[in-house]
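All values reported here derive from a predicted model rather than from experimental measurement. Reminder, nothing fancy here: chain letters follow the sequence lines and each chain counts from 1. Just so it is clear, the values below take in all heavy atoms, side chains as well, and ignore hydrogens, waters and symmetry mates.
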There are 2 protein chains.
Amino acid sequence: MPRTIRSDKAANLVAPKTPRPASAKAVRPSAKVVKPAAASVEQVDTRYLQSLMGYNARRAALSIIELFLDRLAPYGLKPVDFSVMSTIGHNPGVTSRQLCAALNLLPPNLVGLIQSLEARGLIERKPHPHDGRAVGLHATSKGQALMVQAEQTATELETEKTAKLTPAERKTLLSLLQKIYL
Amino acid sequence: MPRTIRSDKAANLVAPKTPRPASAKAVRPSAKVVKPAAASVEQVDTRYLQSLMGYNARRAALSIIELFLDRLAPYGLKPVDFSVMSTIGHNPGVTSRQLCAALNLLPPNLVGLIQSLEARGLIERKPHPHDGRAVGLHATSKGQALMVQAEQTATELETEKTAKLTPAERKTLLSLLQKIYL
DNA sequence: TATTGTTATACTCTATAACTATA
DNA sequence: TATAGTTATAGAGTATAACAATA
């Protein structure tokens, strides 16, 4: 059964703009307090998590991926499919192992993905010129045509998602992120 | 069965530093070409993917989370457990729904998590002062003590992972990421 | 002996529908 | 009628071990 409904994800992404500190120690009961029972929270304070790079990178990535799934669905491509197809397209003859190393994937998880792309006529497997064990992967003309459209859609979607950033900020952000994982 | 071995993940993260362009169109067969068969790839070119914010944000996030899993394992906390515990700690009396909205989680996926934290004696559930349907979540003294250590470990780990960034760059990166998902 | 691609499989993560108790 | 919390469950994602063919 395909995943279709996206429901309240957008609403969940609405975060508090100006949270008020609510530390346990900071709550000093005054003499006028009527209900000494359990306290309630008005605005959730997530400032500590927002100081963590991992949290922010993950939230930003999921925010972009959410839109990516919608926009690339017409092409039948999920993020990993897209990354694999794009890398094959830009590296004709690349092997599965090379894809795994470049995209940080595990070989067993790539098998079904490659088979699916081949079954759809988007890629072809040719014998590797130097290594009899390996198989070279090549995008078909159909696959190339699909990826021209898909990459354009992805670029547009990214422009929308980074609309609050200036071109300079966008370039800076890409560079800083790569300083973390490369 | 717990996940223990991490194997070649680190090796997979080693990405090409100076990829050579290998576009299909750019390959112009000269008259001296001996093997007109399938081509092979030396260095995988991932420059297009590296121009996408979603790709870079995801790779950076996974890189940090990988270390996070190792360092926080002694506390029995995965990223989501950590986020939930931290948010409860800084927001005594917060409800499940508020946690879901603030952290972009789905209610059904939070139930088992909360029950687990309660069973470990890290949090307590108290009746909500204003809403009979809701339950206020509170960190126990044991949970508070754990999170003091856990948050310190997380902060240290993040400092290591962002060691290539200056403090100013780190602050800039956090700010730019929040411009995407907030 | 080491590596490529593969199979089988298990665990985790994420998502949906539907129910109850209360507002 | 709408919302908070819950249950059950399905699907996707991620991980390990082990194997055959080739280097």
For H138(A), ring-ring contact (aromatic ring centres under 6.0 Å, His included) partners two or more places apart: none

Got a sec, which residues hit side-chain contact (heavy atoms from CB on, under 4.5 Å) with [X], two or more places apart in sequence or on another chain?
X	answer
L146(B)	Y75(B), L77(B), R120(B), L122(B)
V80(A)	V84(A), L105(A), L113(A)
E151(B)	Y48(A), F82(B), S86(B), H90(B), M147(B)

- line: Counting primed atoms, P, OP1 and OP2 as sugar-phosphate and everything else as base, the B/S/- map of nucleotides 3-9 of chain D against protein heavy atoms under 4.0 Å is BBBBBB-

[N] [atom2] sits how many Å from [X] [atom1], rounded?
X	N	atom1	atom2	answer
N104(B)	dT14(C)	CG	P	10 Å
K78(B)	dT12(C)	NZ	C1'	7 Å
L113(A)	dG5(C)	CG	P	14 Å
R58(B)	dC13(C)	CZ	P	14 Å
L69(B)	dT14(D)	CG	P	13 Å
I65(B)	dC13(C)	CD1	P	11 Å
L106(A)	dC11(C)	CG	C1'	14 Å
H130(A)	dT22(D)	NE2	C1'	16 Å

- prompt: So how far is it from N104(B) CG to E66(A) CD, rounded to the nearest 0.5 Å?
  reply: 7.0 Å

- request: Hey, could you give me each pair passing side-chain hydrogen bond (donor to acceptor under 3.5 Å, both in side chains) that has a residue in residues 167-178 of chain B? Not counting sequence neighbours.
  value: N56(A)-Q178(B), K179(A)-E169(B), E158(B)-R170(B), T162(B)-R170(B)

